[in-house]
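Here is the structure we will look at, set down as structure tokens.
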Protein chains: 2
Amino acid sequence: MKLSTKGRYAVMAMVDLARHAQAKPVSLSDIATRQEISLSYLEQLFARLRRAGLVKSVRGPGGGYRLARGSADTRVSEIILAVDEPISATRCTEMGATGCRADRSKCLTHDLWEELGNQIHLFLSSVTLLDVLERKLAPRFIEAPAAANTESSMAAAS
Amino acid sequence: MKLSTKGRYAVMAMVDLARHAQAKPVSLSDIATRQEISLSYLEQLFARLRRAGLVKSVRGPGGGYRLARGSADTRVSEIILAVDEPISATRCTEMGATGCRADRSKCLTHDLWEELGNQIHLFLSSVTLLDVLERKLAPRFIEAPAAANTESSMAAAS
DNA sequence: TTAAATCCGAGCGACGCAGTTGGTTTTTCC
DNA sequence: GGAAAAACCAACTGCGTCGCTCGGATTTAA
């Protein structure tokens, strides 16, 4: 899960689209002026969003874009995954884990990045466009009472 | 909280340092060969880590680096914050929030990114170098029973 | 037929990343 | 004292991505 401003732009645009969704589709030039994003850049983002099945397009004058599903069924994680490059997997991260697990000393941090990716995905896929619109950013994750992690507790872990 | 491979390299090196910590300091060339990272690149990373007070250096032959604090007192979040550029705050994100809150329609996603940053920081600051070494990646975050977030629940939120 | 819109591809300037080069300083050991 | 091992330091480079522009083409409502 890559986190760049590119994904942010896409989410901003999609939230704008969800907000102004009515009978008529929403044109990119409207979104561009409202969100202050370059129109051509938006076109590129929406090309990816369309290919990912998140939006549907209506061509011709009066046309524009519509959410393919409802705003309550479109998750932020999907948007970011759609527009971001799948990251180059520079060393061992994210790939099949095999070929990295072999030499454990070299890749002690593998589990860490994997778990971090899980956390991010978990959070972003728990938020829908509707949630953002209605500002329901659920504090859905609760910190367990384990305050000091200097030692002790939770020793065995598979 | 930026997430690049740069931060990953730094954490890999720091974990390696913590793992091989003994009476003598650990030289960067040792870490470089073990982790397959360019020596000069490591030097640049450790220059930042030293400035951030995470490691201490010993010059001269037989010298190298030591953790400034213990491995149980060095958090992954600190390492990443030390080496990564503070990101250019391209539009509204991360800066003082003022000047963005003004026009709410433009920055509906502000809260989202802020909360995401919180989640990431919370996770990474809950993991110490010792945790990584001992593979205690505490599942410290528990998903609340809120399964379907299509609607309902948790309406009022300030 | 005009014009509004989506579509498409090529290219561009800037910036950070990962690494290289070529040093200098400090310090240990012979 | 000299050699060598290490940390230090600065500049530069190749590369990829980002955000964006330009110049179109296709579709379609009015």
Side-chain angles (χ1 to χ4, degrees), chain A residues 2-13 17 20 23-33 35-52 54-66 68 80 82-93, chain B residues 2-13 17 20 23-33 35-52 54-66 68 80 82-93:
Chain A
K2 195 178 173 186
L3 290 177
S4 68
T5 54
K6 193 173 188 174
R8 284 206 257 258
Y9 277 124
V11 175
M12 282 169 62
L17 176 56
H20 297 89
K24 304 190 62 173
V26 181
S27 76
L28 286 192
S29 53
D30 284 359
I31 300 180
T33 50
Q35 302 297 324
E36 292 180 353
I37 306 176
S38 143
L39 173 60
S40 296
Y41 194 45
L42 265 187
E43 285 177 351
Q44 292 169 38
L45 294 180
F46 273 77
R48 288 170 180 258
L49 293 172
R50 190 173 52 87
R51 273 178 240 132
L54 295 178
V55 295
K56 286 180 176 171
S57 67
V58 180
R59 303 187 68 167
Y65 286 92
R66 257 191 268 264
I80 292 181
V83 299
D84 274 333
E85 309 287 329
I87 217 171
S88 52
T90 319
R91 196 68 81 168
C92 91
T93 341
Chain B
K2 196 178 173 185
L3 290 177
S4 67
T5 54
K6 193 173 187 174
R8 284 206 257 258
Y9 277 125
V11 175
M12 282 169 61
L17 177 56
H20 297 89
K24 303 189 64 175
V26 182
S27 76
L28 286 192
S29 54
D30 284 359
I31 300 180
T33 51
Q35 302 297 324
E36 292 180 355
I37 306 176
S38 145
L39 173 60
S40 296
Y41 194 46
L42 266 187
E43 286 178 350
Q44 292 170 41
L45 295 181
F46 272 77
R48 287 169 179 260
L49 293 172
R50 189 172 54 85
R51 274 178 239 132
L54 295 178
V55 295
K56 287 181 177 174
S57 67
V58 180
R59 302 187 70 162
Y65 285 91
R66 258 190 266 266
I80 292 179
V83 299
D84 275 332
E85 309 287 329
I87 218 171
S88 53
T90 319
R91 194 68 81 169
C92 93
T93 341

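Below, chain A is the first sequence line, B the second, and so on; all start at residue 1. All values below were derived from every heavy atom in this structure, side-chain atoms included, with hydrogens, water molecules and symmetry-related copies excluded.
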Rounding to an integer number of Å, can you tell me how far B/Tyr9 OH sits from C/dG19 C1'? 10 Å
Would you mind reading off the distance between B/Gln35 atom CD and C/dG19 atom C1', rounded to a whole angstrom? 17 Å
Starting at CG of A/Leu49 and ending at C1' of C/dT6, how long is that distance when rounded to a whole Å? 14 Å
Closest contact, heavy atoms only, B/Gly62 versus B/Lys24: O-CE, 4.2 Å
Separation of D/dC8 C1' from B/Arg51 CZ (nearest whole Å): 10 Å
Where the side chain of A/Ile37 is defined as all heavy atoms beyond and including C-beta, which of C/dT6, D/dC20, C/dC17 is the nearest nucleotide? D/dC20
A/Phe46 and A/Tyr65 aromatic ring geometry - parallel, tilted or perpendicular at 30°/60° bounds: tilted
Rounded off to whole Å, could you give me the NZ-to-P distance for the A/Lys6 and D/dG16 pair? 15 Å
How many whole angstroms separate atom CG of B/Asp30 from atom C1' of D/dA6? 11 Å
Examine C/dT6: is either OP1 or OP2 under 4.0 Å from a nitrogen or oxygen in the side chain of A/Arg50? Give yes or no. no
State whether the side chain of B/Arg66 and the backbone N or O of B/Ala23 hold a donor-acceptor pair below 3.5 Å, judged by distance alone. yes
Closest heavy-atom pair and its distance - B/Val83, B/Ala10: CG1-CB, 3.7 Å
Please list, chain by chain and in numerical order, all residues satisfying side-chain contact (heavy atoms from CB on, under 4.5 Å) with A/Glu43, sequence neighbours excluded. A/Leu28, A/Leu39, A/Ser40
Would you mind reading off the distance between B/Phe46 atom CZ and D/dC9 atom C1', rounded to a whole angstrom? 17 Å
If a protein heavy atom is under 4.0 Å from the base, mark B; if only from the sugar-phosphate, S; if neither, -; do that for nucleotides 20-30 of chain C going 5' to 3'. BB---BBBB--
Rounded to whole Å, how long is the line connecting atom CG of B/Leu42 with atom C1' of D/dA7? 13 Å
side-chain contact (heavy atoms from CB on, under 4.5 Å) with B/Ala68: which residues, sequence neighbours excluded? B/Lys56
Phosphate OP1/OP2 of C/dC7 contacted by A/Ser57 side-chain N/O (<4.0 Å): yes
Can you list the steps and then say if A/Ile31 with A/Met12 is a side-chain contact (heavy atoms from CB on, under 4.5 Å)? CA-CA 9 Å; A/Ile31 300 180; A/Met12 282 169 62; over 6 Å; no
Please determine whether a side-chain nitrogen or oxygen atom of B/Arg48 lies at a distance below 4.0 Å from atom OP1 or OP2 of D/dC9. no
